[in-house]
S.K.: 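Following this message is one structure expressed as C-alpha coordinates.
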Protein chains: 2
Amino acid sequence: MNQDLQSVSPSMSAETVAEPRLLVEEVLERLRDLIVQGELAPGVKLNERVLCERLRTSRTPVREAIKFLASEGLVELLPNRGAIVTPITVTTVREMFVLLGALEALAGELACVNASDADIAEIRALHYQMLAHHARGELAPYFRCNQQIHLRLVESTGNATLANTYRALNGHVRRARYMANLSRERWDHAVEEHQKILDALIRRDGALLPALLRGHLGNKMLVVLEALGEQAD
Amino acid sequence: MNQDLQSVSPSMSAETVAEPRLLVEEVLERLRDLIVQGELAPGVKLNERVLCERLRTSRTPVREAIKFLASEGLVELLPNRGAIVTPITVTTVREMFVLLGALEALAGELACVNASDADIAEIRALHYQMLAHHARGELAPYFRCNQQIHLRLVESTGNATLANTYRALNGHVRRARYMANLSRERWDHAVEEHQKILDALIRRDGALLPALLRGHLGNKMLVVLEALGEQAD
DNA sequence: GCGGCGTATTATGCATACAAAATTCTCCTT
DNA sequence: AAGGAGAATTTTGTATGCATAATACGCCGC
(Lines give C-alpha, C1' and ligand atoms only; values in the text may rest on other atoms or scores of the structure.)
Protein backbone atom coordinates (compact mmCIF):
# COMPACT_ATOMS: atom_id res chain seq x y z
CA MET A 1 0.00 0.00 0.00
CA ASN A 2 2.31 2.66 1.29
CA GLN A 3 3.79 4.26 -1.72
CA ASP A 4 5.49 7.44 -0.75
CA LEU A 5 7.26 7.28 2.49
CA GLN A 6 9.58 4.49 1.63
CA SER A 7 10.67 4.99 -1.94
CA VAL A 8 13.43 7.43 -1.37
CA SER A 9 15.43 6.80 -4.51
CA PRO A 10 18.84 7.64 -3.11
CA SER A 11 20.16 9.50 -6.09
CA MET A 12 23.89 9.32 -6.14
CA SER A 13 24.81 12.42 -8.05
CA ALA A 14 27.31 14.54 -6.22
CA GLU A 15 25.25 17.65 -6.57
CA THR A 16 21.91 16.45 -5.34
CA VAL A 17 20.54 19.48 -3.57
CA ALA A 18 20.12 17.28 -0.54
CA GLU A 19 16.36 17.53 -0.55
CA PRO A 20 15.74 17.90 3.15
CA ARG A 21 14.03 14.67 4.03
CA LEU A 22 11.01 14.92 6.21
CA LEU A 23 11.62 13.94 9.77
CA VAL A 24 8.62 11.64 9.84
CA GLU A 25 10.04 9.69 6.94
CA GLU A 26 13.34 9.31 8.67
CA VAL A 27 11.70 8.15 11.87
CA LEU A 28 9.36 5.85 10.01
CA GLU A 29 12.12 4.11 8.15
CA ARG A 30 14.25 3.78 11.23
CA LEU A 31 11.40 2.43 13.33
CA ARG A 32 10.41 -0.02 10.67
CA ASP A 33 13.95 -1.33 10.47
CA LEU A 34 14.16 -1.68 14.21
CA ILE A 35 10.98 -3.70 14.21
CA VAL A 36 11.63 -5.85 11.16
CA GLN A 37 15.12 -6.66 12.35
CA GLY A 38 13.77 -7.63 15.71
CA GLU A 39 15.70 -5.03 17.65
CA LEU A 40 12.30 -3.94 18.87
CA ALA A 41 10.97 -7.36 19.69
CA PRO A 42 7.38 -8.43 19.15
CA GLY A 43 5.18 -7.39 22.03
CA VAL A 44 7.42 -4.70 23.49
CA LYS A 45 5.88 -1.40 24.38
CA LEU A 46 6.81 1.63 22.34
CA ASN A 47 7.59 4.35 24.82
CA GLU A 48 7.39 7.67 23.05
CA ARG A 49 9.83 9.47 25.29
CA VAL A 50 12.44 6.76 24.85
CA LEU A 51 11.99 6.70 21.10
CA CYS A 52 12.25 10.47 20.95
CA GLU A 53 15.58 10.39 22.75
CA ARG A 54 16.83 7.57 20.60
CA LEU A 55 15.79 9.23 17.36
CA ARG A 56 16.51 12.80 18.45
CA THR A 57 13.14 14.28 17.70
CA SER A 58 10.03 15.46 19.41
CA ARG A 59 7.02 13.27 19.91
CA THR A 60 5.11 14.53 16.91
CA PRO A 61 7.05 12.73 14.17
CA VAL A 62 7.31 9.62 16.31
CA ARG A 63 3.59 9.51 16.91
CA GLU A 64 2.82 10.04 13.25
CA ALA A 65 5.24 7.31 12.23
CA ILE A 66 3.62 4.97 14.73
CA LYS A 67 0.23 5.60 13.19
CA PHE A 68 1.64 4.77 9.80
CA LEU A 69 3.17 1.56 11.08
CA ALA A 70 -0.08 0.68 12.79
CA SER A 71 -1.86 0.69 9.47
CA GLU A 72 0.97 -1.35 8.07
CA GLY A 73 0.34 -3.79 10.88
CA LEU A 74 3.80 -3.71 12.40
CA VAL A 75 2.56 -2.08 15.58
CA GLU A 76 -0.69 -2.32 17.46
CA LEU A 77 -2.39 0.69 18.98
CA LEU A 78 -3.73 0.31 22.48
CA PRO A 79 -6.06 3.23 23.14
CA ASN A 80 -4.78 5.41 25.96
CA ARG A 81 -1.95 3.02 26.43
CA GLY A 82 0.23 3.75 23.46
CA ALA A 83 1.45 1.10 21.11
CA ILE A 84 3.30 -2.19 21.11
CA VAL A 85 5.21 -4.04 18.43
CA THR A 86 2.71 -6.45 16.94
CA PRO A 87 3.25 -9.84 18.56
CA ILE A 88 4.07 -12.77 16.35
CA THR A 89 1.77 -15.71 16.80
CA VAL A 90 1.70 -19.05 15.10
CA THR A 91 -1.70 -18.15 13.72
CA THR A 92 -0.70 -14.88 12.11
CA VAL A 93 2.48 -16.35 10.68
CA ARG A 94 0.50 -19.13 9.12
CA GLU A 95 -2.07 -16.69 7.80
CA MET A 96 0.55 -14.47 6.30
CA PHE A 97 2.36 -17.29 4.57
CA VAL A 98 -0.85 -18.52 3.03
CA LEU A 99 -1.48 -15.04 1.77
CA LEU A 100 2.08 -14.59 0.58
CA GLY A 101 1.81 -17.87 -1.25
CA ALA A 102 -1.18 -16.62 -3.17
CA LEU A 103 0.51 -13.30 -3.90
CA GLU A 104 3.66 -14.92 -5.18
CA ALA A 105 1.68 -17.38 -7.25
CA LEU A 106 -0.11 -14.46 -8.85
CA ALA A 107 3.21 -12.73 -9.30
CA GLY A 108 4.63 -15.79 -11.01
CA GLU A 109 1.72 -15.96 -13.37
CA LEU A 110 1.96 -12.28 -14.23
CA ALA A 111 5.72 -12.31 -14.46
CA CYS A 112 5.63 -14.99 -17.13
CA VAL A 113 3.61 -12.59 -19.23
CA ASN A 114 4.94 -9.19 -18.25
CA ALA A 115 8.53 -9.54 -17.11
CA SER A 116 11.11 -8.15 -19.47
CA ASP A 117 14.03 -10.26 -20.54
CA ALA A 118 16.20 -7.89 -18.54
CA ASP A 119 14.12 -8.58 -15.43
CA ILE A 120 14.60 -12.28 -15.86
CA ALA A 121 18.28 -11.88 -16.54
CA GLU A 122 18.66 -9.92 -13.32
CA ILE A 123 16.80 -12.56 -11.33
CA ARG A 124 18.99 -15.19 -12.91
CA ALA A 125 22.09 -13.31 -11.85
CA LEU A 126 20.79 -13.01 -8.31
CA HIS A 127 20.04 -16.69 -8.34
CA TYR A 128 23.64 -17.60 -9.15
CA GLN A 129 24.88 -15.19 -6.57
CA MET A 130 22.62 -16.93 -4.11
CA LEU A 131 24.00 -20.32 -5.16
CA ALA A 132 27.46 -19.03 -4.39
CA HIS A 133 26.44 -18.03 -0.88
CA HIS A 134 24.77 -21.37 -0.41
CA ALA A 135 27.90 -23.20 -1.51
CA ARG A 136 29.96 -21.19 0.94
CA GLY A 137 27.42 -21.67 3.70
CA GLU A 138 26.95 -17.95 4.11
CA LEU A 139 23.50 -17.78 5.59
CA ALA A 140 22.89 -14.07 5.95
CA PRO A 141 23.99 -13.12 2.44
CA TYR A 142 22.00 -16.07 1.16
CA PHE A 143 18.88 -14.69 2.78
CA ARG A 144 19.50 -11.27 1.31
CA CYS A 145 19.79 -12.70 -2.19
CA ASN A 146 16.76 -14.83 -1.60
CA GLN A 147 14.72 -11.82 -0.54
CA GLN A 148 15.96 -9.89 -3.54
CA ILE A 149 14.93 -12.63 -5.91
CA HIS A 150 11.43 -12.83 -4.55
CA LEU A 151 11.08 -9.08 -4.51
CA ARG A 152 12.40 -8.71 -8.03
CA LEU A 153 10.02 -11.35 -9.24
CA VAL A 154 7.07 -9.54 -7.74
CA GLU A 155 8.24 -6.23 -9.12
CA SER A 156 8.77 -7.66 -12.57
CA THR A 157 5.03 -8.14 -12.88
CA GLY A 158 4.66 -4.40 -13.36
CA ASN A 159 1.83 -4.44 -10.84
CA ALA A 160 2.89 -1.84 -8.29
CA THR A 161 -0.10 -2.47 -6.05
CA LEU A 162 0.84 -6.11 -5.84
CA ALA A 163 4.43 -5.22 -5.10
CA ASN A 164 3.46 -2.85 -2.30
CA THR A 165 1.13 -5.33 -0.69
CA TYR A 166 3.80 -7.97 -0.95
CA ARG A 167 6.42 -5.76 0.63
CA ALA A 168 4.24 -4.93 3.60
CA LEU A 169 3.38 -8.55 4.31
CA ASN A 170 6.92 -9.65 3.75
CA GLY A 171 8.11 -7.18 6.35
CA HIS A 172 6.05 -8.94 8.97
CA VAL A 173 7.20 -12.37 8.05
CA ARG A 174 10.81 -11.35 8.02
CA ARG A 175 10.49 -10.55 11.70
CA ALA A 176 9.81 -14.19 12.37
CA ARG A 177 12.50 -15.45 10.09
CA TYR A 178 15.55 -14.40 12.01
CA MET A 179 14.93 -17.34 14.26
CA ALA A 180 14.60 -19.80 11.43
CA ASN A 181 17.60 -22.00 11.99
CA LEU A 182 17.70 -23.66 8.62
CA SER A 183 19.02 -27.22 8.63
CA ARG A 184 21.42 -28.10 5.83
CA GLU A 185 18.89 -30.51 4.45
CA ARG A 186 16.12 -27.95 4.30
CA TRP A 187 18.50 -25.40 2.93
CA ASP A 188 19.55 -27.67 0.09
CA HIS A 189 15.94 -28.38 -0.65
CA ALA A 190 15.05 -24.71 -0.79
CA VAL A 191 17.87 -24.15 -3.25
CA GLU A 192 16.59 -26.95 -5.45
CA GLU A 193 13.17 -25.37 -5.43
CA HIS A 194 14.69 -22.06 -6.43
CA GLN A 195 16.39 -23.75 -9.35
CA LYS A 196 13.09 -25.08 -10.59
CA ILE A 197 11.49 -21.70 -10.07
CA LEU A 198 14.15 -19.98 -12.12
CA ASP A 199 13.85 -22.54 -14.90
CA ALA A 200 10.10 -22.12 -15.07
CA LEU A 201 10.46 -18.36 -15.15
CA ILE A 202 13.00 -18.51 -17.96
CA ARG A 203 10.65 -20.75 -19.93
CA ARG A 204 7.85 -18.35 -18.93
CA ASP A 205 5.82 -21.35 -17.89
CA GLY A 206 2.80 -19.54 -16.49
CA ALA A 207 1.12 -22.74 -15.39
CA LEU A 208 4.02 -24.28 -13.51
CA LEU A 209 5.63 -21.24 -11.94
CA PRO A 210 2.71 -20.27 -9.70
CA ALA A 211 2.45 -23.80 -8.37
CA LEU A 212 6.18 -23.94 -7.66
CA LEU A 213 6.10 -20.64 -5.85
CA ARG A 214 3.16 -21.61 -3.74
CA GLY A 215 4.84 -24.85 -2.78
CA HIS A 216 8.05 -23.02 -1.99
CA LEU A 217 6.24 -20.61 0.28
CA GLY A 218 4.51 -23.52 1.96
CA ASN A 219 7.86 -25.03 2.81
CA LYS A 220 9.21 -21.74 4.06
CA MET A 221 6.21 -21.60 6.31
CA LEU A 222 6.96 -25.01 7.75
CA VAL A 223 10.51 -23.96 8.55
CA VAL A 224 9.41 -20.80 10.28
CA LEU A 225 6.63 -22.47 12.21
CA GLU A 226 9.01 -25.16 13.32
CA ALA A 227 11.36 -22.46 14.56
CA LEU A 228 8.46 -20.95 16.44
CA GLY A 229 8.44 -24.21 18.30
CA GLU A 230 5.01 -25.27 17.27
CA GLN A 231 3.60 -28.04 15.20
CA ALA A 232 2.34 -26.86 11.81
CA ASP A 233 -1.10 -28.42 11.73
CA MET B 1 -3.54 -4.90 7.95
CA ASN B 2 -4.96 -2.27 10.19
CA GLN B 3 -6.52 -4.21 12.97
CA ASP B 4 -7.39 -1.89 15.79
CA LEU B 5 -8.69 1.40 14.71
CA GLN B 6 -11.60 0.09 12.79
CA SER B 7 -12.99 -2.78 14.76
CA VAL B 8 -15.00 -0.88 17.27
CA SER B 9 -17.40 -3.65 18.18
CA PRO B 10 -20.41 -1.47 18.93
CA SER B 11 -21.65 -3.38 21.91
CA MET B 12 -25.34 -2.82 22.31
CA SER B 13 -25.78 -3.31 26.01
CA ALA B 14 -27.61 -0.41 27.60
CA GLU B 15 -24.98 0.00 30.26
CA THR B 16 -21.84 0.11 28.17
CA VAL B 17 -19.68 2.59 30.05
CA ALA B 18 -19.35 4.53 26.84
CA GLU B 19 -15.65 3.94 26.52
CA PRO B 20 -14.53 7.37 25.42
CA ARG B 21 -13.35 6.80 21.88
CA LEU B 22 -10.09 8.30 20.90
CA LEU B 23 -10.38 11.35 18.71
CA VAL B 24 -7.93 9.96 16.18
CA GLU B 25 -10.16 6.95 15.71
CA GLU B 26 -13.18 9.11 15.18
CA VAL B 27 -11.38 11.31 12.70
CA LEU B 28 -9.87 8.33 10.93
CA GLU B 29 -13.18 6.62 10.45
CA ARG B 30 -14.86 9.79 9.33
CA LEU B 31 -12.12 10.65 6.88
CA ARG B 32 -12.05 7.16 5.45
CA ASP B 33 -15.78 7.30 4.84
CA LEU B 34 -15.52 10.68 3.18
CA ILE B 35 -12.88 9.33 0.84
CA VAL B 36 -14.40 5.95 0.10
CA GLN B 37 -17.77 7.50 -0.57
CA GLY B 38 -16.21 9.99 -2.89
CA GLU B 39 -17.23 13.04 -0.93
CA LEU B 40 -13.56 13.81 -0.88
CA ALA B 41 -12.88 13.14 -4.52
CA PRO B 42 -9.71 11.55 -5.84
CA GLY B 43 -6.97 14.09 -6.28
CA VAL B 44 -8.33 16.79 -4.00
CA LYS B 45 -6.01 18.37 -1.52
CA LEU B 46 -6.55 17.69 2.14
CA ASN B 47 -6.37 21.04 3.85
CA GLU B 48 -5.69 20.48 7.51
CA ARG B 49 -7.34 23.65 8.70
CA VAL B 50 -10.50 22.92 6.77
CA LEU B 51 -10.63 19.35 8.01
CA CYS B 52 -10.10 20.54 11.56
CA GLU B 53 -13.08 22.85 11.34
CA ARG B 54 -15.19 20.21 9.71
CA LEU B 55 -14.30 17.57 12.28
CA ARG B 56 -14.06 19.91 15.25
CA THR B 57 -10.61 18.99 16.38
CA SER B 58 -7.11 20.30 16.37
CA ARG B 59 -4.60 19.42 13.72
CA THR B 60 -2.92 16.68 15.69
CA PRO B 61 -5.56 13.96 15.35
CA VAL B 62 -6.17 14.95 11.76
CA ARG B 63 -2.51 14.69 10.88
CA GLU B 64 -2.19 11.33 12.60
CA ALA B 65 -5.25 9.98 10.84
CA ILE B 66 -3.84 11.15 7.53
CA LYS B 67 -0.65 9.23 8.16
CA PHE B 68 -2.69 6.14 8.85
CA LEU B 69 -4.67 6.56 5.67
CA ALA B 70 -1.47 7.16 3.76
CA SER B 71 -0.22 3.73 4.71
CA GLU B 72 -3.60 2.36 3.79
CA GLY B 73 -3.11 4.00 0.42
CA LEU B 74 -6.22 6.15 0.45
CA VAL B 75 -4.21 9.36 0.60
CA GLU B 76 -0.85 10.31 -0.81
CA LEU B 77 1.65 12.35 1.14
CA LEU B 78 3.38 15.14 -0.73
CA PRO B 79 6.37 16.21 1.34
CA ASN B 80 6.01 19.78 2.49
CA ARG B 81 2.81 20.04 0.55
CA GLY B 82 0.44 18.05 2.68
CA ALA B 83 -1.65 15.25 1.30
CA ILE B 84 -4.15 14.54 -1.43
CA VAL B 85 -6.77 11.87 -1.86
CA THR B 86 -5.09 9.19 -3.90
CA PRO B 87 -6.08 9.68 -7.53
CA ILE B 88 -7.81 6.86 -9.30
CA THR B 89 -6.12 5.85 -12.49
CA VAL B 90 -6.98 3.15 -14.96
CA THR B 91 -3.71 1.49 -14.13
CA THR B 92 -4.23 1.30 -10.38
CA VAL B 93 -7.81 0.14 -10.77
CA ARG B 94 -6.68 -2.63 -13.05
CA GLU B 95 -3.89 -3.56 -10.69
CA MET B 96 -6.20 -3.67 -7.73
CA PHE B 97 -8.77 -5.81 -9.43
CA VAL B 98 -6.14 -8.30 -10.48
CA LEU B 99 -4.99 -8.45 -6.91
CA LEU B 100 -8.52 -8.67 -5.55
CA GLY B 101 -9.20 -11.48 -7.96
CA ALA B 102 -6.31 -13.47 -6.55
CA LEU B 103 -7.37 -12.71 -2.98
CA GLU B 104 -10.95 -13.77 -3.56
CA ALA B 105 -9.82 -16.87 -5.38
CA LEU B 106 -7.72 -17.76 -2.37
CA ALA B 107 -10.65 -16.94 -0.13
CA GLY B 108 -12.90 -19.21 -2.15
CA GLU B 109 -10.46 -22.05 -1.87
CA LEU B 110 -10.05 -21.59 1.86
CA ALA B 111 -13.74 -21.04 2.47
CA CYS B 112 -14.59 -24.39 0.93
CA VAL B 113 -12.43 -25.96 3.62
CA ASN B 114 -12.89 -23.68 6.59
CA ALA B 115 -16.26 -21.99 6.38
CA SER B 116 -18.81 -23.18 8.86
CA ASP B 117 -22.25 -24.25 7.72
CA ALA B 118 -23.57 -21.18 9.49
CA ASP B 119 -21.24 -18.97 7.46
CA ILE B 120 -22.52 -20.47 4.26
CA ALA B 121 -26.12 -20.19 5.39
CA GLU B 122 -25.60 -16.52 6.11
CA ILE B 123 -24.06 -15.92 2.71
CA ARG B 124 -26.94 -17.79 1.15
CA ALA B 125 -29.40 -15.54 2.94
CA LEU B 126 -27.57 -12.45 1.79
CA HIS B 127 -27.61 -13.84 -1.71
CA TYR B 128 -31.39 -14.12 -1.77
CA GLN B 129 -31.72 -10.69 -0.27
CA MET B 130 -29.54 -9.46 -3.08
CA LEU B 131 -31.70 -11.24 -5.63
CA ALA B 132 -34.68 -9.39 -4.25
CA HIS B 133 -32.99 -6.05 -4.70
CA HIS B 134 -31.98 -7.05 -8.20
CA ALA B 135 -35.54 -8.00 -9.06
CA ARG B 136 -36.78 -4.66 -7.80
CA GLY B 137 -34.01 -2.81 -9.58
CA GLU B 138 -32.73 -1.33 -6.35
CA LEU B 139 -29.16 -0.62 -7.24
CA ALA B 140 -27.73 0.80 -4.02
CA PRO B 141 -29.11 -1.90 -1.71
CA TYR B 142 -28.00 -4.46 -4.26
CA PHE B 143 -24.46 -3.16 -4.01
CA ARG B 144 -24.56 -3.29 -0.26
CA CYS B 145 -25.65 -6.92 -0.28
CA ASN B 146 -23.07 -7.69 -2.87
CA GLN B 147 -20.33 -6.15 -0.78
CA GLN B 148 -21.56 -8.03 2.24
CA ILE B 149 -21.46 -11.33 0.42
CA HIS B 150 -17.91 -10.87 -0.74
CA LEU B 151 -16.81 -9.69 2.65
CA ARG B 152 -18.50 -12.54 4.45
CA LEU B 153 -16.93 -15.00 2.10
CA VAL B 154 -13.48 -13.65 2.81
CA GLU B 155 -14.13 -13.60 6.52
CA SER B 156 -15.45 -17.13 6.51
CA THR B 157 -11.97 -18.36 5.65
CA GLY B 158 -10.93 -17.66 9.21
CA ASN B 159 -7.82 -15.92 7.87
CA ALA B 160 -7.94 -12.51 9.51
CA THR B 161 -4.87 -11.26 7.68
CA LEU B 162 -6.48 -12.08 4.38
CA ALA B 163 -9.67 -10.35 5.45
CA ASN B 164 -7.83 -7.20 6.49
CA THR B 165 -5.85 -7.01 3.29
CA TYR B 166 -9.02 -7.55 1.33
CA ARG B 167 -10.86 -4.82 3.19
CA ALA B 168 -8.15 -2.27 2.57
CA LEU B 169 -7.97 -2.99 -1.14
CA ASN B 170 -11.71 -3.12 -1.45
CA GLY B 171 -11.97 0.32 0.07
CA HIS B 172 -9.95 1.73 -2.79
CA VAL B 173 -11.91 0.00 -5.45
CA ARG B 174 -15.21 1.07 -3.99
CA ARG B 175 -14.22 4.65 -4.62
CA ALA B 176 -14.22 3.92 -8.33
CA ARG B 177 -17.39 1.96 -8.28
CA TYR B 178 -19.88 4.70 -7.57
CA MET B 179 -19.50 5.69 -11.18
CA ALA B 180 -20.11 2.21 -12.48
CA ASN B 181 -23.39 2.67 -14.25
CA LEU B 182 -24.32 -0.96 -14.55
CA SER B 183 -26.32 -1.83 -17.66
CA ARG B 184 -29.23 -4.18 -17.14
CA GLU B 185 -27.49 -6.79 -19.21
CA ARG B 186 -24.29 -6.67 -17.20
CA TRP B 187 -26.28 -6.60 -14.01
CA ASP B 188 -28.18 -9.74 -14.93
CA HIS B 189 -24.95 -11.40 -15.86
CA ALA B 190 -23.35 -10.52 -12.54
CA VAL B 191 -26.31 -12.03 -10.73
CA GLU B 192 -25.96 -15.22 -12.70
CA GLU B 193 -22.31 -15.40 -11.75
CA HIS B 194 -23.26 -14.94 -8.13
CA GLN B 195 -25.67 -17.82 -8.39
CA LYS B 196 -22.93 -20.10 -9.66
CA ILE B 197 -20.61 -18.83 -6.94
CA LEU B 198 -23.13 -19.61 -4.25
CA ASP B 199 -23.77 -23.07 -5.66
CA ALA B 200 -20.09 -23.87 -5.75
CA LEU B 201 -19.68 -22.64 -2.19
CA ILE B 202 -22.56 -24.77 -0.96
CA ARG B 203 -21.03 -27.77 -2.67
CA ARG B 204 -17.69 -26.66 -1.21
CA ASP B 205 -16.19 -27.12 -4.63
CA GLY B 206 -12.70 -25.89 -3.90
CA ALA B 207 -11.57 -26.26 -7.48
CA LEU B 208 -14.41 -24.41 -9.17
CA LEU B 209 -15.13 -21.65 -6.69
CA PRO B 210 -11.77 -19.87 -7.01
CA ALA B 211 -12.07 -19.84 -10.79
CA LEU B 212 -15.59 -18.46 -10.65
CA LEU B 213 -14.58 -15.72 -8.25
CA ARG B 214 -11.63 -14.73 -10.34
CA GLY B 215 -13.78 -14.53 -13.40
CA HIS B 216 -16.40 -12.55 -11.55
CA LEU B 217 -13.82 -10.04 -10.41
CA GLY B 218 -12.51 -9.81 -13.93
CA ASN B 219 -15.94 -8.82 -15.16
CA LYS B 220 -16.39 -6.32 -12.37
CA MET B 221 -13.13 -4.82 -13.48
CA LEU B 222 -14.35 -4.46 -17.03
CA VAL B 223 -17.45 -2.65 -15.86
CA VAL B 224 -15.49 -0.25 -13.72
CA LEU B 225 -12.87 0.40 -16.36
CA GLU B 226 -15.56 1.03 -18.90
CA ALA B 227 -17.10 3.55 -16.56
CA LEU B 228 -13.71 5.15 -16.22
CA GLY B 229 -14.06 5.83 -19.91
CA GLU B 230 -11.13 3.80 -21.00
CA GLN B 231 -10.67 0.68 -23.01
CA ALA B 232 -9.68 -2.30 -20.87
CA ASP B 233 -6.69 -3.61 -22.79
C1' DG C 1 -3.13 42.09 -21.80
C1' DC C 2 0.43 38.90 -20.54
C1' DG C 3 4.41 37.31 -18.06
C1' DG C 4 7.72 37.53 -14.46
C1' DC C 5 9.59 39.07 -10.04
C1' DG C 6 9.18 40.13 -5.16
C1' DT C 7 6.41 40.30 -1.31
C1' DA C 8 2.42 38.88 1.62
C1' DT C 9 -0.22 35.19 3.01
C1' DT C 10 -1.13 30.67 4.01
C1' DA C 11 -0.13 25.84 4.98
C1' DT C 12 2.82 22.54 6.54
C1' DG C 13 6.27 20.36 9.71
C1' DC C 14 8.04 20.12 14.10
C1' DA C 15 8.23 21.36 18.99
C1' DT C 16 6.07 22.18 23.12
C1' DA C 17 2.32 22.95 26.56
C1' DC C 18 -1.45 21.16 29.03
C1' DA C 19 -5.11 17.77 30.59
C1' DA C 20 -6.53 13.26 31.42
C1' DA C 21 -5.64 8.55 31.76
C1' DA C 22 -2.66 4.89 33.28
C1' DT C 23 0.96 3.26 36.04
C1' DT C 24 3.84 3.17 39.97
C1' DC C 25 4.78 3.94 44.60
C1' DT C 26 3.69 4.58 49.40
C1' DC C 27 1.80 3.57 53.34
C1' DC C 28 -1.70 1.71 55.94
C1' DT C 29 -4.69 -2.14 57.31
C1' DT C 30 -5.36 -6.71 58.28
C1' DA D 1 3.89 -10.17 54.90
C1' DA D 2 0.09 -9.62 51.58
C1' DG D 3 -3.26 -6.71 49.83
C1' DG D 4 -5.37 -2.53 48.79
C1' DA D 5 -6.66 2.49 48.90
C1' DG D 6 -4.81 6.68 47.57
C1' DA D 7 -1.35 9.92 46.21
C1' DA D 8 2.69 10.84 43.17
C1' DT D 9 4.60 10.08 38.81
C1' DT D 10 4.71 8.89 34.25
C1' DT D 11 2.70 8.55 29.76
C1' DT D 12 -0.46 9.34 26.55
C1' DG D 13 -3.80 12.29 23.82
C1' DT D 14 -4.88 16.75 22.22
C1' DA D 15 -4.18 21.64 21.50
C1' DT D 16 -1.30 25.27 20.35
C1' DG D 17 2.95 27.90 19.11
C1' DC D 18 6.62 28.84 15.99
C1' DA D 19 9.71 28.42 11.89
C1' DT D 20 9.98 27.35 7.18
C1' DA D 21 8.45 25.99 2.78
C1' DA D 22 4.80 26.67 -0.61
C1' DT D 23 1.39 29.43 -2.65
C1' DA D 24 -1.16 33.56 -3.87
C1' DC D 25 -1.15 38.18 -4.83
C1' DG D 26 0.18 42.51 -6.66
C1' DC D 27 3.11 45.28 -9.09
C1' DC D 28 5.92 46.41 -12.81
C1' DG D 29 7.78 46.01 -17.45
C1' DC D 30 6.87 44.94 -21.95
Side-chain angles (χ1 to χ4, degrees), chain A residues 2-8 16-32 34-35 40 43-71 74-86, chain B residues 2-8 16-32 34-35 40-41 43-71 74-87:
Chain A
N2 40 324
Q3 46 272 79
D4 296 300
L5 289 187
Q6 57 190 22
S7 59
V8 197
T16 318
V17 203
E19 174 171 332
R21 284 196 63 203
L22 247 34
L23 211 37
V24 205
E25 296 185 16
E26 208 98 38
V27 171
L28 175 61
E29 201 172 305
R30 188 108 178 67
L31 264 184
R32 189 172 13 226
L34 287 175
I35 293 171
L40 285 174
V44 308
K45 185 159 167 29
L46 294 177
N47 183 309
E48 294 180 4
R49 191 180 43 79
V50 172
L51 290 177
C52 290
E53 285 168 13
R54 186 160 184 177
L55 304 175
R56 310 288 189 153
T57 65
S58 73
R59 289 173 54 210
T60 308
V62 170
R63 285 183 59 88
E64 293 183 358
I66 286 176
K67 292 298 182 299
F68 199 100
L69 291 171
S71 174
L74 284 177
V75 311
E76 261 176 44
L77 301 175
L78 312 179
N80 282 318
R81 297 179 51 201
I84 59 173
V85 179
T86 303
Chain B
N2 40 322
Q3 47 270 78
D4 296 300
L5 289 187
Q6 58 189 21
S7 59
V8 196
T16 317
V17 203
E19 172 171 336
R21 285 196 63 204
L22 248 33
L23 253 179
V24 205
E25 295 186 15
E26 208 98 39
V27 171
L28 175 61
E29 202 172 305
R30 188 108 178 69
L31 265 185
R32 186 167 21 220
L34 287 175
I35 292 171
L40 284 174
V44 309
K45 186 160 166 27
L46 294 177
N47 183 310
E48 292 178 6
R49 191 179 43 79
V50 172
L51 290 177
C52 290
E53 285 168 13
R54 187 162 183 177
L55 303 175
R56 310 288 189 153
T57 66
S58 72
R59 291 172 55 210
T60 309
V62 170
R63 286 182 58 89
E64 293 184 356
I66 286 176
K67 293 298 182 298
F68 198 100
L69 291 171
S71 174
L74 285 177
V75 311
E76 261 176 44
L77 301 176
L78 312 179
N80 281 317
R81 297 179 50 202
I84 61 174
V85 179
T86 304

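Each chain gets a letter, A, B and so on, in the order the sequences are listed, and its residues count up from 1.
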S.K.: How long is the straight-line distance from CG of A:L22 back to CG of A:L28, given to the nearest 0.5 Å?
M.R.: 11.0 Å

S.K.: Counting any heavy atom closer than 4.0 Å, what does A:L46 reach on the DNA or RNA strands: base, sugar-phosphate only, or nothing?
M.R.: sugar-phosphate

S.K.: Starting at CZ of A:R49 and ending at C1' of D:dT9, how long is that distance when rounded to a whole Å?
M.R.: 11 Å

S.K.: Nearest whole angstrom, please: distance from the C1' of D:dA15 to the CZ of B:R56.
M.R.: 16 Å

S.K.: Can you sort out the partners of B:E48 under salt bridge (Lys or Arg N to Asp or Glu O under 4.0 Å), two or more places apart, ordered by chain and number?
M.R.: B:R59, B:R63

S.K.: Between C1' on C:dA22 and CG on A:L78, what's the gap in Å once rounded to a whole number?
M.R.: 12 Å

S.K.: Strictly by side chain to side chain donor-acceptor pair (under 3.5 Å), give each pair with a member in residues 49-58 of chain B just once, sequence neighbours left out.
M.R.: B:E39-B:R54

S.K.: Between the protein and nucleotides 19-22 of chain D, which nitrogen or oxygen pairs are less than 3.5 angstrom apart?
M.R.:
none

S.K.: Which nucleotide sits closest to the side chain of A:E48: D:dG13, C:dG13, C:dC14?
M.R.: D:dG13

S.K.: What is the distance, to the nearest angstrom, from the CD atom on A:E26 to the P atom on C:dG13?
M.R.: 15 Å

S.K.: How close do B:P79 and A:E25 get, heavy atom to heavy atom, and via which atoms?
M.R.: CG-OE2, 3.7 Å

S.K.: For the residue pair A:L31 and A:L74, establish whether any side-chain heavy-atom pair is separated by less than 4.5 Å.
M.R.: no

S.K.: Which of the following nucleotides, C:dC14, D:dT12, C:dG13, is nearest to the side chain of A:T60?
M.R.: C:dC14

S.K.: Which nucleotide sits closest to the side chain of A:N47: D:dC18, D:dT12, D:dA15?
M.R.: D:dT12

S.K.: Between C:dC14 atom P and A:L55 atom CG, what is the distance in whole Å?
M.R.: 13 Å

S.K.: For B:L22 and C:dA20, what is the distance between atoms CG and P respectively, to the nearest whole Å?
M.R.: 15 Å

S.K.: Looking only at side-chain N and O atoms, does A:R63 come under 4.0 Å of OP1 or OP2 in D:dG13?
M.R.: yes

S.K.: Locate the shortest heavy-atom distance separating A:F68 from B:S71; write the atom from each residue and the value.
M.R.: O-OG, 3.3 Å

S.K.: In this structure, how many angstroms lie between the C1' atom of D:dT10 and the CD atom of A:E53, rounded?
M.R.: 13 Å

S.K.: Between A:K45 (side chain) and A:R81 (backbone), is there a donor-acceptor pair under 3.5 Å?
M.R.: yes

S.K.: Tell me what B:R59 touches on the nucleic acid: a base, only sugar-phosphate, or nothing, going by heavy atoms under 4.0 Å.
M.R.: base

S.K.: To the nearest angstrom, how far is B:I84 atom CD1 from D:dT23 atom C1'?
M.R.: 16 Å

S.K.: Establish, with yes or no, whether the OP1 or OP2 oxygen of C:dT12 is under 4.0 angstrom from a side-chain nitrogen or oxygen of B:K45.
M.R.: yes

